[in-house]
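Contents: one structure, followed by commentary.
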There are 2 protein chains.
Amino acid sequence: MVENDQGVVASKATIARLPGYLGYLRDKQAEGVENISSTAIAEDLRLNAVQVRKDLAFVSSVAGRPKLGFAVSDLILDIERFLGYDNVTDAVLVGAGGLGRTLMGYEGFKTYGLNIEAAFDVDSDLIGRRVHGKPVFALEKLPGVVKRLNIHIGIITVPKQVAQSVADLLVGAGIKAIWNFAPTHLQLPEGIAVKNEDMAASLALLSKKLSEILKADAPHQKGA
Amino acid sequence: MVENDQGVVASKATIARLPGYLGYLRDKQAEGVENISSTAIAEDLRLNAVQVRKDLAFVSSVAGRPKLGFAVSDLILDIERFLGYDNVTDAVLVGAGGLGRTLMGYEGFKTYGLNIEAAFDVDSDLIGRRVHGKPVFALEKLPGVVKRLNIHIGIITVPKQVAQSVADLLVGAGIKAIWNFAPTHLQLPEGIAVKNEDMAASLALLSKKLSEILKADAPHQKGA
DNA sequence: TCCAAATCGATAAAAAAATATCGATACCGA
DNA sequence: TCGGTATCGATATTTTTTTATCGATTTGGA
């Protein structure tokens, strides 16, 4: 739960939906749409219209107008401001392997207000080189760089066996938020934000949905 | 919401937590632990013990024993069975760029019961080659391959501009579940399972947590 | 053998999130 | 100009999810 300026409270679920609205609204704006109703957004994004109105009311004081809806450009500005996409946050990445390099090359992060300053690895073939324009340093250099650049976010893209020790290193260096792509649960002290990018959980949900669909499609297979 | 054999109902949240339990229990088993209590699991995974017991009761009929807890090996078996990790599901991937190749090379999917059979792309430099041992075909070949191998899952790792058309192609080919890594919301017909791997949403949540932590750490900066 | 302690499983309560309802309002077309 | 209507925003309700409570039970040690 998070409070905004007015003391209104929003759920985590609301915050998680905001980037979705933003992307959708940017697309609409590019199409030349100037106003849009909560009904229309809800239909396209497969959400409930009341939920959309509540979510938008949380980040924006823009009033929706009957018969017209909301001004797209105003909404975009307010969501961007709320999500902090206007002021970029710096991050470091640990583990310049396949996934790490992919993230380093992902242009979309700019749009999300995230900037990966540097990467760290133990592989001597990588150290000293640049990947997508970003330097790769030896892991030992991490505390110095993090402190010098006053970086708050660490991205972990190492094998799970070493994820915990990397997390400890990051925390020791003063990192306050960890985006963990390793498939393991990290033990961290209080006061550190973590988000696990849990592909296994996603896959589990998808598989369950799929098995229900397959069951529904072919419900009479008892004798097969 | 999903029903199990006994008609007991589990939330999506429960299903999303199951892979976490599984990974944790496998680690414990490797350490030689034979029994574990819900209390201990909850503490390590930062969950509520009651929630852990409920989650486990949903997938497993294994009874926990007072003072001892649950038999680790039994739990592992039951969770694997529930998640379908025992019988591997085949998938195709569209978009053999950076992220696509990373996923193709990810060994962990085996553990999750997922097998990427083949990839598809429009880049003629990639077509006909193999990436991490898996063939890359021209996009036009997709319907034939999907139908011939009777594949149900499609993974989308293309730029967002073409994600919708790829989704349409997959659905047309008979795919029933889509794992979407493109940062866009797909319009799909009823009866198709989708899971959006939404990094922007994750990042939004992490950023909000971080800003609260920073606020708490330095609450008296008004005059700065 | 018996007692203390830890844990379970069931039920109840609380919290969080999603959805429904409804009067008010501003737009659009006749 | 005026009536019909889509939409809003506020409030109420329902549903879902999490957390608390508590008696019952089994183990391990005195």
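The model shown is predicted, which means the values in this text are computed figures rather than measured ones. Residue numbers begin at 1 in each chain, while the letters A, B, ... track the order of the sequences.
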Inset, instruction - Look at the rings of B/F181 and B/W179 and say which category their plane angle falls in: under 30° parallel, 30 to 60° tilted, over 60° perpendicular. - result: tilted
Legend entry - Result of checking A/T184, A/L186, A/V194 against A/I156 for side chain to side chain contact (heavy atoms under 4.5 Å, CB included): A/L186
Inset, instruction - Using the side chain to side chain contact (heavy atoms under 4.5 Å, CB included) rule, pick out the option among B/N35, B/V52, B/L56 that qualifies with B/F70. - result: B/L56
Inset, instruction - Please say whether more than 12 non-hydrogen atoms of neighbouring residues, nucleotides or ligands are located less than 6.0 Å from CD in A/Q187. - result: yes
Rounded to the nearest angstrom, tell me the gap between atom [atom1] in [X] and atom [atom2] in [N].
X	N	atom1	atom2	result
A/I41	D/dT7	CD1	P	11 Å
B/L68	C/dG9	CG	P	12 Å
A/F70	C/dA26	CZ	C1'	14 Å
B/K67	D/dA24	NZ	P	19 Å
A/Q51	D/dA12	CD	P	20 Å
A/E34	C/dC27	CD	P	14 Å
B/K12	C/dA18	NZ	P	10 Å
A/N35	D/dT7	CG	C1'	12 Å

Reckon [X] has a side-chain N or O less than 4.0 Å from the OP1 or OP2 of [N]?
X	N	result
B/S38	C/dC8	yes
B/R53	C/dG9	no
A/S37	D/dT7	yes

Inset, instruction - When you get a sec, tell me which of D/dT7, C/dT11, C/dA20 is the closest nucleotide to the side chain of A/N48? - result: C/dA20
Legend entry - Residue B/P66, side-chain heavy atoms: nucleotide from C/dC28, C/dT7, D/dT18 that is nearest: C/dT7
Inset, instruction - Report yes or no: do B/Q51 and B/D55 form a side-chain donor-acceptor pair below 3.5 Å? - result: no
Please work out if [X] contacts a base, only the sugar-phosphate, or nothing of the nucleic acid, heavy-atom cut-off 4.0 Å.
X	result
B/R65	sugar-phosphate
B/T14	nothing
B/A63	sugar-phosphate

Inset, instruction - Would you kindly compare B/K54 and A/D55 by the position of their nearest DNA chain C nucleotide and give the one closer to the 5′ end? - result: B/K54
